[in-house]
Participant: 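Here it is: the structure, laid out below.
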2 protein chains.
Amino acid sequence: MISIRKTEMRLTPQRMAILEYLHGNIEHPSAEDIYKNVKGRYPSMSFATVYNTIEALKKNGLVRELTIDPVKRRYDPNMELHHHMICMDCNKVRDVHIKLDINVPVEQLGGFYISDNHVEFYGTCSECREKNIKKGE
Amino acid sequence: MISIRKTEMRLTPQRMAILEYLHGNIEHPSAEDIYKNVKGRYPSMSFATVYNTIEALKKNGLVRELTIDPVKRRYDPNMELHHHMICMDCNKVRDVHIKLDINVPVEQLGGFYISDNHVEFYGTCSECREKNIKKGE
DNA sequence: TCCTTGACTAAGAATGATTCTTATGTTATA
DNA sequence: TATAACATAAGAATCATTCTTAGTCAAGGA
């Protein structure tokens with residue numbers, strides 16, 4: 001079982017700025033997104049600090065690393081169990097807040113113990129569907 | 001399974017070697033894995049050709065690109081709808097061959113049209129579970 | 001207070017996967 | 001045969017991420 005460890009982070013201005021940007025953010029920002037945004041308020045901010053901070057946040061269970069994008073990592077401050085709908089036209093990622101109890105037959109498990117699941121739904125978002133209809137596609 | 005027949009791809013020796021390596025491969029190899037293996041038989045093989053070939057295979061629906069690994073892309077010749085169990089201890093990825101009809105409530109969809117899904121199950125594989133028991137964890 | 005320790009920041013170098021460029025070769029077909 | 005379209009391959013370029021190193025800062029003990 002997961003036990004939360006008492007690794008108290010120091011709350012530096014840089015970290016606060018990053019946390020503030022991430023808080024409630026549903027855009028699944030990349031390291032670059034974070035950097036660019038926080039750089040505005042903290043011109044001395046460097047990529048190294050972004051990565052260091054993310055690493056610290058991950059360790060403390062405050063941020064989830066997503067592997068949706070093959071090009072760059074994306075981060076999600078929403079630690080609640082949730083899933084993603086990915087539009088195959090515009091690549092936008094949207095959260096799906098439902099708890100899914102997915103049953104896997106024992107013969108498929110082969111002794112594997114499942115503790116968590118994450119579903120990627122692929123398809124087309126409403127905006128792209130409208131666009132496609134207009135284009136007569 | 002991989003059948004190149006109906007595609008309009010040119011079947012060069014290099015491509016055949018890559019296809020042969022991928023055929024039935026359940027290891028989810030990376031570009032480097034492919035390169036290293038095929039290099040043995042085709043010393044002139046280059047990374048560029050590996051990537052070009054993968055790109056062509058993807059376009060023709062013969063290979064699926066996986067985003068499981070944040071460090072490098074992995075490829076899967078199995079195009080049947082399937083899912084993955086990822087061991088959080090040893091990072092091994094195992095296929096789960098079941099069709100899952102996952103129902104998403106309309107209010108969560110927001111007009112999104114779902115055509116496909118892919119589930120990542122996280123947990124511990126049987127080997128790692130045994131190891132952990134021995135370590136008294 | 002001063003010193004020590006350890007955590008944090010930041011700049012730039014290093015790494016490494018992927019893509020691009022360019023030159024050359026090969027196949028298909030008009 | 002000529003030409004266009006497609007393939008290969010070497011190395012350069014790109015770009016996200018990690019590493020290195022040096023400097024800063026805070027807390028605690030003597």
Side-chain angles (χ1 to χ4, degrees), chain A residues 5-22 27-76 91 93, chain B residues 4-22 27-60 62-76 91 93:
Chain A
R5 279 165 214 163
K6 274 195 179 177
T7 25
E8 274 182 24
M9 293 179 62
R10 249 163 52 190
L11 213 46
T12 65
Q14 291 89 341
R15 288 185 176 182
M16 281 189 65
I18 290 175
L19 271 169
E20 206 177 298
Y21 171 63
L22 284 175
E27 302 283 314
H28 312 89
S30 64
E32 198 190 357
D33 297 330
I34 297 169
Y35 173 74
K36 276 190 185 151
N37 179 281
V38 179
K39 183 92 175 172
R41 281 171 289 161
Y42 282 84
S44 72
M45 174 65 55
S46 81
F47 259 105
T49 301
V50 172
Y51 282 111
N52 287 339
T53 303
I54 289 169
E55 196 56 35
L57 294 176
K58 272 198 316 194
K59 268 200 193 123
N60 286 278
L62 297 174
V63 163
R64 190 187 287 265
E65 182 177 293
L66 306 180
T67 52
I68 309 167
D69 188 335
V71 177
K72 53 176 74 170
R73 302 181 197 187
R74 303 188 164 276
Y75 301 94
D76 194 336
N91 289 315
V93 180
Chain B
I4 206 164
R5 275 185 215 160
K6 287 181 184 171
T7 68
E8 289 154 19
M9 291 179 64
R10 215 181 273 168
L11 208 48
T12 65
Q14 292 89 340
R15 288 183 174 185
M16 281 189 65
I18 290 175
L19 272 168
E20 205 176 298
Y21 171 64
L22 284 175
E27 303 282 315
H28 312 89
S30 65
E32 197 191 357
D33 296 331
I34 298 169
Y35 173 74
K36 275 189 185 152
N37 179 281
V38 179
K39 182 90 175 173
R41 281 170 289 161
Y42 283 82
S44 74
M45 174 65 54
S46 80
F47 258 105
T49 301
V50 172
Y51 281 109
N52 287 339
T53 303
I54 289 169
E55 198 52 38
L57 294 176
K58 272 198 315 194
K59 266 199 195 125
N60 285 280
L62 297 174
V63 162
R64 188 188 288 263
E65 182 176 292
L66 306 179
T67 52
I68 309 168
D69 188 335
V71 176
K72 51 176 76 168
R73 301 182 197 188
R74 303 188 163 276
Y75 301 95
D76 195 334
N91 290 315
V93 180

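These values consider heavy atoms only, across backbone and side chains, with no hydrogens, waters or symmetry-generated copies. Proteins come first, then strands; the chains are lettered A, B, ... in the order of their sequence lines, and each starts at number 1.
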Participant: Nearest-Å distance, CZ (R10(B)) to C1' (dT27(C))?
Facilitator: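 The distance from CZ of R10(B) to C1' of dT27(C) comes to 5 Å, rounded to the nearest Å.
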Participant: Is T12(A) close enough to dT9(C) that one of its side-chain N or O atoms is under 4.0 Å from OP1 or OP2 there?
Facilitator: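 The answer is yes; a side-chain N or O of T12(A) sits under 4.0 Å from OP1 or OP2.
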Participant: Mind calculating the distance between CD (Q14(A)) and P (dT24(D)) to the nearest angstrom?
Facilitator: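 Q14(A) atom CD is separated from dT24(D) atom P by 14 Å.
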Participant: How close or far is atom P of dC8(C) from atom CD1 of I18(A), stated in whole angstroms?
Facilitator: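 One finds 12 Å between P of dC8(C) and CD1 of I18(A), rounded.
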Participant: Can you find a heavy atom in the side chain of I34(B) that is under 4.5 Å from one in the side chain of L22(B)?
Facilitator: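 They are in contact (side-chain heavy atoms under 4.5 Å apart), so the answer is yes.
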Participant: Look at the side chain of N60(B) and the backbone N and O of L62(B), then say whether any donor-acceptor pair between them is shorter than 3.5 Å.
Facilitator: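 No, N60(B) side chain to L62(B) backbone: no donor-acceptor pair under 3.5 Å.
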Participant: On the nucleotide dT19(C), are OP1 or OP2 found under 4.0 Å from the side-chain N or O atoms that Y51(B) carries?
Facilitator: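 False: Y51(B) side-chain N/O out of range (4.0 Å or more) of dT19(C) OP1/OP2.
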Participant: The side chain of S44(A) is closest to which nucleotide in this list: dA7(D), dA10(C), dC20(C)?
Facilitator: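 The answer is dA10(C), which lies nearest to the side chain.
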Participant: Given dA17(C), dA11(C), dT17(D), which nucleotide is nearest the side-chain atoms of A31(A)?
Facilitator: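 Nearest to the side chain of A31(A) among the choices is dT17(D).
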Participant: If you measure from the Lys or Arg side-chain nitrogens to the Asp or Glu carboxylate oxygens, is any gap between R64(B) and D76(B) under 4.0 Å?
Facilitator: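 Result for this pair is no, no salt bridge flagged.
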Participant: Of the nucleotides dA17(C), dA9(D), dC19(D), which has the atom closest to the E32(B) side chain?
Facilitator: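 Between dA17(C), dA9(D), dC19(D), the one nearest the side chain of E32(B) would be dA17(C).
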Participant: Quick one: is S46(A) getting a side-chain N or O under 4.0 Å of the dT9(C) phosphate, OP1 or OP2?
Facilitator: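 So the side-chain polar atoms of S46(A) never come under 4.0 Å of the phosphate oxygens OP1 or OP2 of dT9(C).
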Participant: Looking at dA7(D), I'd like to know if its phosphate oxygens (OP1 or OP2) sit under 4.0 Å from a side-chain N or O belonging to R15(B).
Facilitator: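 Yes, within the criterion.
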Participant: In whole Å, I'd like the distance from the CE atom of M45(B) to the C1' atom of dA7(D).
Facilitator: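 In whole Å, dA7(D) C1' and M45(B) CE are 11 Å from each other.
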Participant: Whole angstroms only, please: what is the OH-P distance between Y35(B) and dG16(C)?
Facilitator: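 It is 15 Å, rounded to the nearest whole Å.
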Participant: Take T53(B) and P70(B), find for each the nucleotide of DNA chain D with the closest heavy atom, and name the residue whose nucleotide sits nearer the 5' end.
Facilitator: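 That would be T53(B).
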Participant: I want to check something: taking the side chain as every heavy atom from C-beta on, are P13(A) and Y42(A) in contact at a cut-off of under 4.5 Å?
Facilitator: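 Side chain of P13(A) against side chain of Y42(A), heavy atoms only: contact under 4.5 Å found.
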Participant: Quick one: do N52(A) and T49(A) satisfy side chain to side chain donor-acceptor pair (under 3.5 Å)? Show the steps, please.
Facilitator: CA-CA 5 Å; N52(A) 287 339; T49(A) 301; 5.3 Å; no
Participant: Using whole Å, report how far CD of E55(B) lies from P of dT18(C).
Facilitator: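 In whole Å, dT18(C) P and E55(B) CD are 12 Å from each other.
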Participant: Counting only side-chain nitrogens and oxygens, does T49(A) get under 4.0 Å of the OP1 or OP2 atom of dA10(C)?
Facilitator: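 T49(A) to dA10(C) OP1/OP2: side-chain N or O found under 4.0 Å.
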Participant: Separation of N52(A) atom CG from dT24(D) atom C1', in whole Å?
Facilitator: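 Whole-Å distance recorded here is 15 Å.
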Participant: For the pair made of OH in Y42(A) and P in dC8(C), what is the distance, rounded to whole Å?
Facilitator: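 So the OH-P distance, Y42(A) to dC8(C), works out to 16 Å.
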Participant: Return no unless some side-chain N or O of R73(B) is found under 4.0 Å from OP1 or OP2 of dA16(D).
Facilitator: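 No, because none of the side-chain N or O atoms of R73(B) sits under 4.0 Å from OP1 or OP2 of dA16(D).
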